[in-house]
Amino acid sequence: MRVTGALAAGAILVAFNCCILGPHQIYAPNQAEFESTYREVLPLLAGAGLLVAVLLALIGFLIPQRRRLTYATLLLGVGLLLWIQGSFLKWDYGDFNGVNIDWSQYAWHGWLDAGVWLAALALLVRFRVHIRPYAHVLVLAFVLLQTGLLLLRGNGGAARRPGDPSKPAATAAPSEVPAETCRISKTLNVFHIILDAFQTDVFMELVHEEGLADKLDGFVLYRDNAAPASQTTLCVPAILTGSHYEGGVLPSEYYRAAMSESFHNQLATRGYVVNLMPYMEMPGARFTSLYQSPRSYAWPQRTRMLQTASFMIDVGMFRQTPHFLKRVIYNSRNWRLSSLVTTPPNHVSFHQKRFFRDYIEKLAAVHDAPAYHFVHLSPPHPPYVTTAEGHYAGEALPDTRDNFKNEARYVLRIFMDLLEKLRQLDAYDGSIILLQGDHGSNFTPVFDGEEFPMPVNRLPALLTLKTVDAHGPLRTSDAPTTAADVPATIMDLLRYEHSYAGESIARMTDGAPRQRTYAMLDEEAGGGRVLRRWTIDGSIYDPSSFHESDAREVRAQIRDYAWGTPLGFGVTGSGEAYLTSGWWPTVAMHWSNGHESQMRFRITPPTEDVVLEFKFFFHVVPGEVEQQRVRMRVNGNAIGGEQVSRDPEPKGIRYLVPRRLLQSDLMTIDFEFPDAAFLRENRKVPIQRAVGLWGFRADLASAMRGAPSMPVSR
């Protein structure tokens with residue numbers, strides 16, 4: 001009977017770690033990445049856990065009785081080791097951003113994990129007789145303790161979208177594109193389609209292979225078109241405003257200002273229907289309807305929840321298992337369990353292509369007023385998961401030019417369906433249609449079998465345009481255009497006066513003399529951000545046309561702050577304006593960069609003590625970076641003592657600042673990170689950085705308020 005109890009305890013412990021605890025450890029700091037909340041999928045996770053426990057126990061009853069105690073002890077050991085691996089041996093494999101993991105860089109992690117697991121299991125088996133009487137007590141205590149911690153953390157609610165800390169992601173948009181978003185004008189339409197990373201030479205090859213020249217009736221392809229920058233967050237603002245990023249303001253300020261100054265806002269003020277389907281948030285945009293370009297689309301609620309639950313288990317198991325098993329679970333970006341239980345595939349590419357098809361099918365000519373339609377889609381951005389026939393490849397494919405081309409091929413076919421739909425609606429001739437990439441890909445451009453190496457990557461971005469009543473097979477122009485010419489082009493074609501920079505590409509001639517610019521936001525060894533810029537005098541396919549300008553350091557200016565305003569971070573957030581030094585931005589968060597960081601605010605002196613609230617994501621990697629300490633000064637005065645964390649889980653900290661320290665119009669907050677440690681190069685960052693915080697996520701609660709209602713650090 002005691003063996004039976006130990007067997008049940010071991011099975012429960014393994015199942016609890018795999019299906020309950022592991023998924024929550026993944027969900028809690030990454031809520032915005034999931035389409036359903038932990039609370040919603042908990043019944044599915046619990047059901048999966050029960051199934052795992054029953055199967056493991058059943059196996060125990062089927063093996064010979066003399067081996068049953070050893071098996072039960074091994075289950076108990078595996079259950080404990082899953083927790084240890086997931087809590088203390090969490091190796092840094094980089095972000096799951098579509099790029100495959102280079103496993104060759106992690107061989108020593110595997111041997112270390114294997115040594116720990118084998119030694120621990122051997123020790124447990126050696127003392128199995130002594131452990132047996134206490135197995136069920138240990139498991140019960142562990143499960144109750146971890147369950148209590150889960151309840152205290154309270155992170156099972158609605159997931160949050162980056163940049164909007166108050167809005168649940170799971171309810172932020174309808175599950176299918178709304179009908180109002182698909183309503184077009186009966187008179188004049190402007191269709192503006194961005195396909196992320198679509199490269200010019202690949203488009204030309206596809207037109208030839210697919211025989212599309214005649215079907216692209218009235219289009220002109222601008223072969224010598226240049227992207228304005230290498231990053232989407234710098235390209236999209238340039239496409240919408242015509243203004244290149246020059247480093248005079250922070251990237252987030254540039255981005256947010258562009259959303260308010262976009263030419264489509266001007267169209268909205270002139271009575272246009274404006275339908276926006278952006279891939280990134282557009283704060284300050286004016287619109288008739290807005291539908292966020294979806295990461296998952298049109299799944300029934302149960303399917304969506306099943307996908308979320310399976311993905312949580314996959315990533316949780318990736319975190320909890322030893323290194324040599326992680327490759328099996330990751331399955332070359334085709335997560336093992338997720339790929340088995342979800343149909344259609346759960347890759348963003350397929351969801352966005354399904355959304356695009358659905359959008360086209362629902363188009364209806366309804367409005368009498370003219371209309372502008374903006375659609376930004378992820379494909380052909382990696383991972384590449386599409387065959388030449390448009391089917392799911394069954395896995396994420398290697399990052400090759402051929403696979404990139406097939407990803408582009410199928411989304412281009414859907415675009416051709418859009419053109420056919422407009423013909424059916426008798427709206428083709430009366431439409432301006434602009435198809436473009438925000439930037440190119442990392443592949444060297446190829447024309448007629450000849451490669452054209454460039455001094456910079458991602459420069460040749462697709463740009464093709466059809467004007468009202470234009471006809472004839474696709475024509476190629478070598479006019480020196482840039483994606484930042486879009487606002488001037490659209491406003492010129494609509495015959496509106498405007499002040500947007502750039503030129504109307506419809507008026508440009510082949511080979512006209514023109515100087516264009518290209519930018520890359522990079523990092524220097526000293527920890528600051530540097531904008532590197534090139535001028536291009538001539539064709540982008542001629543290396544002699546490129547001239548690199550002096551690099552410019554990007555610095556923040558002091559900004560006014562209103563007490564109580566919550567701050568979001570990342571490129572789309574408002575908080576970057578207050579980060580003066582020692583930070584590095586990504587789209588959804590900021591990392592600390594070095595051992596010292598600073599924030600500055602222009603304030604109105606408060607009439608009472610002030611509470612500063614922060615949520616820190618500490619750079620703690622068990623076995624490599626065991627702890628992080630943070631010290632804080634406000635206007636030169638130490639506040640709150642030294643905070644120490646040995647846990648990578650997010651940690652909320654509140655500081656009380658006496659008002660006597662805030663009697664000037666400036667508040668400077670200095671952070672010290674004595675244990676900041678270098679990131680390894682395998683995270684694919686430009687250079688190594690000494691990091692104390694993974695940073696302020698976009699859902700960071702960093703608010704300044706009046707006197708506190710709960711205890712705080714002094």
Side-chain angles (χ1 to χ4, degrees), residues 29 250 252 523-524 526-529 553-559 561 563 565-570 573-586 588-603 609-621 625-658 661-662 664 666-679 685 688-705 712-714:
L250 297 173
S252 62
E523 180 186 8
E524 62 181 4
R529 281 178 293 169
E553 186 175 1
V554 178
R555 291 183 176 273
Q557 300 177 5
I558 301 175
R559 297 289 191 271
Y561 177 78
W563 295 110
T565 305
L567 301 179
F569 292 85
S574 61
E576 187 183 32
Y578 304 101
L579 306 181
T580 53
S581 63
W583 307 95
W584 180 256
T586 64
M589 69 184 77
H590 275 80
W591 297 347
S592 66
N593 185 8
H595 293 281
E596 296 181 355
S597 301
Q598 187 183 83
M599 305 174 72
R600 280 191 178 180
F601 305 80
R602 183 174 288 113
I603 61 170
D609 294 348
V610 170
V611 171
L612 309 185
E613 294 185 358
F614 297 94
K615 190 173 185 181
F616 293 139
F617 292 75
F618 287 100
H619 176 207
V620 175
V621 183
V625 185
E626 296 294 347
Q627 71 171 24
Q628 288 293 340
R629 291 172 292 164
V630 57
R631 304 165 188 153
M632 195 177 87
R633 298 190 309 275
V634 174
N635 289 345
N637 297 272
I639 297 293
E642 182 176 83
Q643 301 291 327
V644 182
S645 179
R646 297 178 177 86
D647 187 349
E649 297 296 329
K651 182 177 182 179
I653 300 177
R654 310 181 86 206
Y655 297 91
L656 180 64
V657 182
L661 302 180
L662 302 172
S664 70
L666 182 66
M667 178 173 68
T668 301
I669 303 176
D670 292 290
F671 299 90
E672 293 182 21
F673 304 105
D675 305 311
F678 284 100
L679 293 174
V685 294
Q688 288 186 326
R689 289 191 274 269
V691 174
L693 299 179
W694 287 128
F696 299 112
R697 294 288 298 262
D699 60 357
L700 169 68
S702 177
M704 289 60 176
R705 300 190 178 95
V712 296
S713 301
R714 285 185 178 270

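As the structure is a prediction and not an experimental result, all values here were calculated from the model.
Judged as a salt bridge (Lys or Arg N to Asp or Glu O under 4.0 Å), and not counting sequence neighbours, Glu596 has no contacts.
We find that Arg633 and Glu672 are joined by a salt bridge, their nearest charged nitrogen and carboxylate oxygen being less than 4.0 Å apart.
Summarising the geometry, atom CD belonging to Glu626 is positioned 11.5 Å from atom OG belonging to Ser645; distances are rounded to the nearest 0.5 Å. Rounded to the nearest 0.5 angstrom, Phe673 CZ and His595 NE2 are separated by 11.0 Å. Atoms CD1 and CD1, from Ile669 and Ile639 in turn, are 9.5 Å apart once rounded to the nearest 0.5 Å. How far CG of Leu662 is from OG1 of Thr668: 10.5 Å, rounded to the nearest 0.5 Å.
The shortest side-chain heavy-atom distance between Leu612 and Val657 falls under the 4.5 Å cut-off. Under the 4.5 Å side-chain criterion, counting only non-hydrogen atoms from C-beta, Val644 is not in contact with Val630. Contact of the Leu661 side chain with the Met667 side chain is not registered, since no non-hydrogen atoms from C-beta on lie closer than 4.5 Å. By the 4.5 Å heavy-atom criterion applied to side chains, Ile603 and Trp563 are counted as neighbours.
Residues Pro674 and Arg631 share a closest heavy-atom pair of CG-CZ, 3.5 Å. Asn635 and Ser664 make their closest contact through ND2-OG, 4.5 Å (heavy atoms, listed as atom of the first residue, atom of the second, distance).
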Run the side chain to side chain contact (heavy atoms under 4.5 Å, CB included) check on Tyr561 and Arg600 step by step: do they pass? CA-CA 9 Å; Tyr561 177 78; Arg600 280 191 178 180; over 6 Å; no
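Side-chain atoms of Gln598 and Asp670 include a donor-acceptor pair closer than 3.5 Å.
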